[in-house]
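Whatever order the structure lists ligands and atoms in, that order sets their numbers, starting from 1.
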Amino acid sequence: MTPPDFFDMGARDNMFRPVRGMKDLYGPDAEKYNFIFTKIKAVGESYGFNLIYTPLLENTDVFQRSIGDETDVVSKEMYTFLDKGNESMTLRPEGTAGVIRSVVSENLAQKLPIKLMYCGEMFRYDRPQKGRFRQFRQIGFEYIGDKSPYTDVLLIAMAAESLQAIGILDFNIKINTLGDEETRENYTKAIVKYLSRHEENLSEDSKLRFKRNPLRILDSKDKRDLDICSMAPIIMDYLNKESRQYFEKVCKLLEACKINYEINNFLVRGLDYYSHTAFEIQSANTSYREALGGGGRYDKLLSIFGGPDVSGIGFALGIERLMLILKNGILVREPIRVAVIPVDEPENDYSFSIFRELQTCGINADFIHIGNLSKKMKTADRLGVKIAVILGEAEMKSGTATIKIMDSSDTSEKHKTIDINKLTAFLKWNIEERDRA
Ligand code: HAM
């Protein structure tokens with residue numbers, strides 16, 4: 001008599017399972033997901049970002065043209081298929097390309113700058129491992145139409161604040177610059193010259209990349225390529241004057257805002273659209289070293305989609321990776337109520353430092369510095385700002401600020417001068433009064 005098979009799973013063996021690298025999300029994990037989304041979305045709202053939802057499926061061209069044919073994402077990881085109309089379609093591997101496609105096709109770039117945030121599923125046919133899935137979720141932010149180091153620092157600060165908002169406090173920010181087009185052309189020449197001496201020893205993939213897009217060899221994960229690249233020239237030595245000044249200003253502002261960062265010359269990111277600032281955030285917890293999030297500036301992305309020649313910057317955080325190391329944390333955010341507005345360009349740096357001080361004191365503030373004063377006031381109006389802090393030459397000299405209560409009908413209330421040292425206390429009091437009302 002044959003013994004019963006105690007390990008026979010019966011019907012379970014035939015049950016459908018999720019596709020490899022894709023997970024069902026339920027119970028405490030679903031709660032965690034919701035917690036992360038709610039908290040980080042609130043950070044986005046406090047910086048004036050609005051939600052955008054774009055389709056999960058785009059014409060393959062959208063990703064090929066923006067992310068670049070020779071990137072791993074496009075050449076190996078995309079879920080691409082022909083639909084019933086014989087058109088090539090791709091499940092989005094990341095959020096930026098679709099958002100920028102939408103900004104252009106929906107004509108959203110008419111009023112710039114524009115700040116958009118998104119959250120949802122992305123798909124990459126990668127080798128599944130801890131924190132790496134074939135379907136994963138990102139929460140991302142794109143700030144389009146304000147090319148200045150201030151915006152770069154703002155987005156880096158926001159990325160850090162997003163992690164803090166969910167209770168992740170130990171992380172490292174790595175930054176690099178990819179310079180402008182001229183810089184990258186010169187750097188590419190240097191890389192080609194260097195790699196041509198090592199071509200034989202490159203991985204098979206990188207031999208192909210060498211012919212088509214040599215800079216991509218720098219983000220190869222193959223050990224042979226990594227060894228060769230560790231001795232390669234670094235972009236810092238090829239930055240033209242403008243790119244160098246831009247990067248130096250970003251670093252200076254980060255220091256002024258007391259944001260800790262590390263420069264990593266080999267941080268090139270895996271997507272072709274970046275120029276100037278690129279950054280990644282890693283947990284300081286050594287048991288998980290993959291990036292929690294990353295981003296950077298893109299100068300040409302809008303024009304690739306036929307939009308205006310304006311720059312943008314953004315970042316995305318990987319929600320599954322945040323879930324891996326999440327500790328609970330509670331932080332309640334207020335909607336934006338204050339804007340710091342320099343009258344003219346010479347007041348920008350001073351105003352930006354005041355703006356950051358307000359933010360570190362927990363005041364939800366915006367920094368509006370593009371255009372003349374009347375345009376800046378209109379932008380403040382459009383963003384729903386309640387209190388404008390106006391800083392001109394006279395205010396800088398006298399250590400004061402002009403306060404404009406945007407929503408007051410009482411004209412004597414409209415403009416007030418205040419000692420700059422009393423600004424934070426006044427704003428906190430005013431915000432509390434409004435909360436009580
Ligand atoms: P990315 O670095 O490719 O950038 O992805 C951002 C984050 O998504 C990563 O740091 C990681 O946390 C998460 N992620 C990526 N791949 C996977 C995966 N297979 N499994 C789990 N999590 C993953 C971008 O996607 C850019 N669009 C970011 C950006 C926005 N740049 C400018 N704006």
Do any N/O atoms on [X] end up under 3.5 angstrom from N/O atoms on ligand 1?
| X | answer |
| --- | --- |
| Phe133 | yes |
| Gly95 | no |
| Arg124 | yes |
| Glu280 | no |

Please confirm whether Tyr298 and Tyr274 have ring centers closer than 6.0 angstrom.
no
Tell me, do [X] and [Y] make a side-chain contact under 4.5 Å, heavy atoms counted?
| X | Y | answer |
| --- | --- | --- |
| Met117 | Asn50 | no |
| Tyr143 | Leu154 | yes |
| Arg289 | Gln282 | yes |

Here's one to test your reading of the geometry: is the NZ or CZ of Arg134 within 45 degrees of the ring axis of Tyr125 and under 6.0 Å from its centre?
yes
Within 45° of the six-membered ring axis of Tyr33 and under 6.0 Å from that ring's centre, is NZ or CZ of Arg137 located there?
yes
Given that the side chain starts at C-beta and the backbone is N, CA, C, O, which of these parts of [X] lies under 4.0 Å from ligand 1, counting heavy atoms, or is it both or neither?
| X | result |
| --- | --- |
| Glu320 | neither |
| Leu292 | backbone |
| Tyr125 | neither |
| Phe123 | neither |
| Arg269 | side chain |
| Phe315 | backbone |

Any ion pair linking [Y] and [X] (charged N to carboxylate O, less than 4.0 Å)?
| X | Y | value |
| --- | --- | --- |
| Asp407 | Arg434 | yes |
| Arg101 | Glu58 | yes |
| Glu199 | Lys211 | yes |
| Lys41 | Glu45 | yes |

Considering only heavy atoms of Leu271, which atoms of ligand 1 have at least one such atom less than 4.0 Å away?
4 (O), 24 (C), 26 (C)
Going by the order shown, which atoms of ligand 1 are within less than 4.0 Å of some heavy atom of Tyr273?
26 (C), 27 (N), 31 (N)
Checking side-chain contact (heavy atoms from CB on, under 4.5 Å) for the pair Glu345/His369: CA distance, chi angles, key distance, verdict?
CA-CA 8 Å; Glu345 222 185 298; His369 67 100; over 6 Å; no
CD1-CG distance between Ile319 and Asp29, expressed to the nearest 0.5 angstrom
12.5 Å
CD of Glu262 to CG of Asn176: how many Å apart, nearest 0.5 Å?
12.0 Å
Measure the distance from [atom] to every protein heavy atom, then report the residue, atom name and distance (to 0.1 Å) of the closest one.
| atom | value |
| --- | --- |
| atom 8 (O) of ligand 1 | Gln138 NE2, 3.1 Å |
| atom 21 (C) of ligand 1 | Gly131 O, 3.2 Å |
| atom 13 (C) of ligand 1 | Gly318 CA, 3.6 Å |
| atom 28 (C) of ligand 1 | Gly294 O, 3.4 Å |
| atom 27 (N) of ligand 1 | Glu94 OE1, 2.5 Å |
| atom 11 (C) of ligand 1 | Arg321 NH1, 3.5 Å |
| atom 31 (N) of ligand 1 | Tyr274 OH, 2.6 Å |

Nearest non-hydrogen atom to atom 17 (C) of ligand 1 belongs to which of Phe136, Tyr118, Tyr298?
Phe136
Report the member of Glu142, Arg127, Gln135 with the shortest heavy-atom distance to atom 33 (N) of ligand 1.
Glu142
Within-shell test, [X] vs ligand 1, heavy atom, strictly < 4.0 Å:
| X | answer |
| --- | --- |
| Gly293 | yes |
| Val73 | no |
| Gly140 | no |

When Arg216 is tested against each of Asp69, Asp72, Asp205, Asp272 for salt bridge (Lys or Arg N to Asp or Glu O under 4.0 Å), which residue passes?
Asp272
